[in-house]
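Lettering follows sequence order; numbering is per chain, from 1.
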2 protein chains.
Amino acid sequence: MSKKKILIIDDDKELTELLSEYLSYEGFEVAACHDGVSGLARAYDMSFSLILLDVMMPKLNGFEVLKALGGQHKIPILMLTAKGDHDDRVLGLELGADDYLAKPFQHRELLARINAILRRITIVKQNDNNNVSQKINNVRLEHATREVFCHQQLVELTGTEFQILDLLMNNVSKIVSKNEISEQVMNRKLSAFDRSIDMHISNIRRKLLAFCPADKLKTIRGAGYIFLSGEIDGDKG
Amino acid sequence: MSKKKILIIDDDKELTELLSEYLSYEGFEVAACHDGVSGLARAYDMSFSLILLDVMMPKLNGFEVLKALGGQHKIPILMLTAKGDHDDRVLGLELGADDYLAKPFQHRELLARINAILRRITIVKQNDNNNVSQKINNVRLEHATREVFCHQQLVELTGTEFQILDLLMNNVSKIVSKNEISEQVMNRKLSAFDRSIDMHISNIRRKLLAFCPADKLKTIRGAGYIFLSGEIDGDKG
DNA sequence: AAACCAGTGTAAAGATTCTGTAAAGATATT
DNA sequence: AATATCTTTACAGAATCTTTACACTGGTTT
């Protein structure tokens with residue numbers, strides 16, 4: 001991955017210089033502007049991963065730059081200020097800043113905050129693609145597509161079957177009672193002589209066994225069912 | 001959109017009570033735990049949008065909870081602490097927290113920080129989708145002219161049909177529920193017995209099938225529709 | 001050990017829900 | 001009004017879910 005680019009908008013040239021050096025050392029590519037107008041122009045460049053924005057500046061101050069960028073700006077912004085003023089801080093956040101750091105600050109804290117923001121973005125992007133997915137004991141469950149794979153092979157489950165398997169896999173090695181299944185999946189209390197859960201379990205088992213040697217759903221007589229986590233058959237699902 | 005859920009993990013029950021009230025008033029759904037162990041258990045629930053995590057707690061302290069969650073935790077975390085200690089602050093961020101707020105704090109600042117984190121997530125998710133023009137599986141969608149091409153041939157879709165196809169293509173390989181389609185495209189909640197989406201889907205299918213051999217919209221019974229990304233017919237649209 | 005019994009597995013039948021689509025009606029646009 | 005578009009209605013068919021029925025299991029009582 002290429003270096004992340006950070007734009008510093010601050011009229012304090014001495015500070016800017018120091019920060020540039022420090023952040024470069026930490027592996028970022030740094031650009032700097034010393035007033036709001038030119039900063040705003042650079043900001044539209046869009047190739048920056050993050051903007052460090054000073055509040056007190058000539059021409060356009062930090063808040064005005066924030067407003068100009070509009071609330072839905074794509075580049076995350078970390079505000080810097082000389083004032084420790086609370087209202088300033090909150091105002092910045094409300095106007096769309098992602099974080100706020102009062103001068104003077106330790107370089108290490110600045111770095112930690114920058115990384116926190118960038119890390120969150122990375123995680124969100126990953127999750128958006130990799131969608132919530134879990135794999136236990138060679139059974140993989142894709143929520144986005146509602147698909148289940150056993151040993152890399154697609155297992156066709158119905159909606160209810162999928163939800164029950166999901167519930168069981170979310171409680172690996174824990175007993176899940178029929179009552180819980182009924183309430184969480186079917187939205188109703190388990191009534192006497194209701195055998196539908198038994199049927200669903202039976203169907204899930206049958207479908208999974210078409211691809212796995214061992215049964216992964218264990219019955220606990222009188223208590224419920226468990227999804228077994230044990231590494232029974234050894235491949236990479 | 002449903003309410004966002006926030007989990008508070010803090011042993012100070014009085015504070016927790018106040019925060020719950022305040023955040024509920026601001027439109028969040030709030031749950032609370034009073035020690036690290038139970039908090040960690042709830043955190044795995046995964047239905048929370050954000051966690052407020054106190055550092056000083058019995059059993060497991062906040063840092064230990066952070067470590068237990070691992071760096072790549074999907075739920076954003078805002079740390080709270082009584083100490084104004086810088087090193088604590090930085091340590092939390094380095095361990096994977098998204099932000100840090102020192103007690104005592106103003107409710108308004110807390111709210112602003114919570115919103116800043118959630119807003120960033122929303123923006124990232126949106127931007128990941130918003131491409132001006134896209135082509136998937138031989139279907140090309142031109143936003144500028146609102147035209148759709150399938151295998152280079154113009155497909156005449158109505159406005160609603162275009163928007164539905166757009167939504168589905170922005171979520172390739174993800175299930176889009178009828179509810180989402182209704183809310184995002186028609187700006188209304190899906191009411192019972194409303195079959196109009198079925199009709200639109202049916203029409204889109206019919207129009208696309210005039211130019212493609214294979215159906216690209218897959219029905220997931222009881223869940224919604226998916227635009228298939230698979231390279232079914234092999235040319236360059 | 002035999003009888004008993006509640007809980008379970010599962011095939012098959014029955015009931016229910018969801019979807020596809022034609023056609024008619026309603027609404028909006030020109 | 002004429003046209004295009006969207007929604008509702010209606011029915012058929014498909015997929016799914018539930019119930020029924022009977023066999024089996026494991027534990028308990030006699």
Side-chain angles (χ1 to χ4, degrees), chain A residues 145-148 154-168 175-210 212 214-228, chain B residues 146-148 154-168 175-210 214-228:
Chain A
T145 54
R146 255 179 191 235
E147 284 174 326
V148 175
L154 182 63
V155 184
E156 302 217 357
L157 297 189
T158 70
T160 305
E161 286 161 9
F162 182 92
Q163 288 183 71
I164 292 176
L165 185 57
D166 186 22
L167 180 62
L168 290 171
I175 296 181
V176 182
S177 71
K178 290 188 184 181
N179 219 322
E180 280 176 85
I181 296 176
S182 189
E183 288 183 5
Q184 300 228 15
V185 175
M186 287 104 142
N187 299 312
R188 69 179 187 232
K189 288 196 175 177
L190 185 64
S191 56
F193 311 118
D194 186 337
R195 306 298 311 286
S196 56
I197 290 174
D198 303 65
M199 279 312 306
H200 288 305
I201 294 284
S202 173
N203 289 329
I204 296 171
R205 274 192 179 125
R206 179 172 43 76
K207 291 178 181 178
L208 286 180
L209 279 173
C212 317
D215 187 4
K216 292 166 198 309
L217 304 186
K218 186 178 177 188
T219 304
I220 309 297
R221 193 187 169 86
Y225 297 94
I226 291 185
F227 184 92
L228 297 172
Chain B
R146 235 182 156 73
E147 282 175 327
V148 176
L154 182 63
V155 184
E156 302 218 356
L157 297 188
T158 69
T160 305
E161 286 161 8
F162 182 91
Q163 288 184 70
I164 292 176
L165 185 58
D166 185 22
L167 179 61
L168 289 171
I175 295 180
V176 183
S177 71
K178 289 189 184 180
N179 218 322
E180 282 176 85
I181 296 176
S182 189
E183 287 183 6
Q184 300 226 17
V185 175
M186 286 104 140
N187 298 312
R188 67 177 188 234
K189 287 196 176 177
L190 184 65
S191 56
F193 310 118
D194 186 338
R195 306 299 310 286
S196 56
I197 289 173
D198 302 63
M199 280 311 307
H200 289 304
I201 293 283
S202 175
N203 290 329
I204 296 171
R205 274 193 180 124
R206 179 171 43 75
K207 291 178 182 179
L208 286 180
L209 279 174
D215 187 4
K216 293 166 199 307
L217 304 186
K218 184 180 176 188
T219 303
I220 310 295
R221 183 181 231 262
Y225 297 94
I226 290 185
F227 185 92
L228 297 172

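Nucleic acid contact for B/Arg205: sugar-phosphate only, since backbone atoms but no base atoms lie under 4.0 Å from a heavy atom of the residue.
Rounded to whole angstrom, the span from the CG atom of A/Leu217 across to the P atom of C/dT10 amounts to 11 Å. Separating the CG atom of A/Asp198 from the P atom of C/dA11 is a distance of 14 Å, rounded to the nearest angstrom. Between the NZ atom of A/Lys218 and the P atom of C/dT8 there is a distance of 14 Å, given to the nearest Å. With rounding to whole Å, B/Met199 atom CE is found 11 Å from C/dA23 atom P. In this structure, CD1 of B/Ile204 is placed 14 Å from C1' of C/dT21, rounded to the nearest angstrom. Note: CD1 (A/Ile201) to P (C/dA11) measures 15 Å, nearest angstrom. The NZ-C1' distance, from B/Lys207 to C/dG20, rounds to 16 Å in whole Å. One atom, CZ of A/Arg206, and another, C1' of C/dA11, lie 10 Å apart when rounded to the nearest Å.
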A/Tyr225 and A/Ile164: CA distance, side-chain angles, deciding distance, side-chain contact (heavy atoms from CB on, under 4.5 Å) verdict: CA-CA 10 Å; A/Tyr225 297 94; A/Ile164 292 176; over 6 Å; no
CA sep, side-chain torsions, deciding dist, call: A/Ser196, A/Asp194, side chain to side chain donor-acceptor pair (under 3.5 Å): CA-CA 6 Å; A/Ser196 56; A/Asp194 186 337; 2.7 Å; yes
Verdict with supporting geometry, A/Met186 and A/Ile197, side-chain contact (heavy atoms from CB on, under 4.5 Å): CA-CA 9 Å; A/Met186 287 104 142; A/Ile197 290 174; 3.7 Å; yes
Working for side-chain contact (heavy atoms from CB on, under 4.5 Å), residues B/Leu167 and B/Phe227: CA-CA 9 Å; B/Leu167 179 61; B/Phe227 185 92; over 6 Å; no
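Put simply, chain A comes within 4.0 Å of DNA chain D, heavy atom to any atom, from D/dT16 to D/dG26, going 5' to 3'.
Dashed line: the shortest gap from a side-chain N or O of B/Lys178 to OP1 or OP2 of C/dT19 is under 4.0 Å. Contact annotation: A/Thr219 does not reach the phosphate of C/dT8 (side-chain N/O to OP1 or OP2, under 4.0 Å). When the side-chain nitrogen and oxygen atoms of B/Tyr225 are compared with OP1 and OP2 of C/dG20, one or more of them lie within a distance under 4.0 Å.
Atom NZ of B/Lys218 has 12 or fewer heavy atoms from other residues, nucleotides or ligands within 6.0 Å.
For the pair B/Ile204/B/Leu168, no side-chain contact is recorded, criterion being any heavy-atom separation below 4.5 Å from C-beta on. In this structure, the side chains of B/Lys216 and B/Leu165 stay at 4.5 Å or more apart for every pair of heavy atoms. For the pair A/Thr158 and A/Lys207, the minimum side-chain heavy-atom distance is below 4.5 Å.
Donor-acceptor pairing under 3.5 Å, judged by distance alone, is present between the side chain of B/Arg221 and the base of C/dT17.
Between B/Ser196 and A/Met186, the residue anchored closer to the 5' end of DNA chain D is B/Ser196, taking for each the nucleotide with the nearest heavy atom.
Listed by residue number, there are no residues of residues 155-162 of chain A with a heavy-atom contact under 4.0 Å to DNA chain C. Contacts of residues 187-195 of chain B with DNA chain D (heavy atom under 4.0 Å): B/Arg188, B/Asp194, B/Arg195.
Listed by chain and residue number, A/Asp215 satisfy the salt bridge (Lys or Arg N to Asp or Glu O under 4.0 Å) test with A/Arg205 (two or more places apart in sequence, or in another chain). Annotation: salt bridge (Lys or Arg N to Asp or Glu O under 4.0 Å) contacts of A/Asp198 (sequence neighbours excluded): A/Lys178, A/Arg195.
The distance from the OG1 atom of B/Thr219 to the CZ atom of B/Arg221 is 10.5 Å, given to the nearest 0.5 Å.
Remark on the helix from C/dA1-D/dT30 to C/dT30-D/dA1: inter-end axis angle 40°, axes from five-pair C1' superpositions, rounded to 10°.
A donor-acceptor pair under 3.5 Å links the side-chain atoms of B/Ser182 to the main chain of B/Arg188, judged by distance alone. Without hydrogens or angle criteria, A/Asn203 side chain to A/Met199 main chain gives a donor-acceptor distance under 3.5 Å.
In terms of heavy atoms, B/Glu180 sits closest to B/Ile175 at OE2-O, 4.2 Å.
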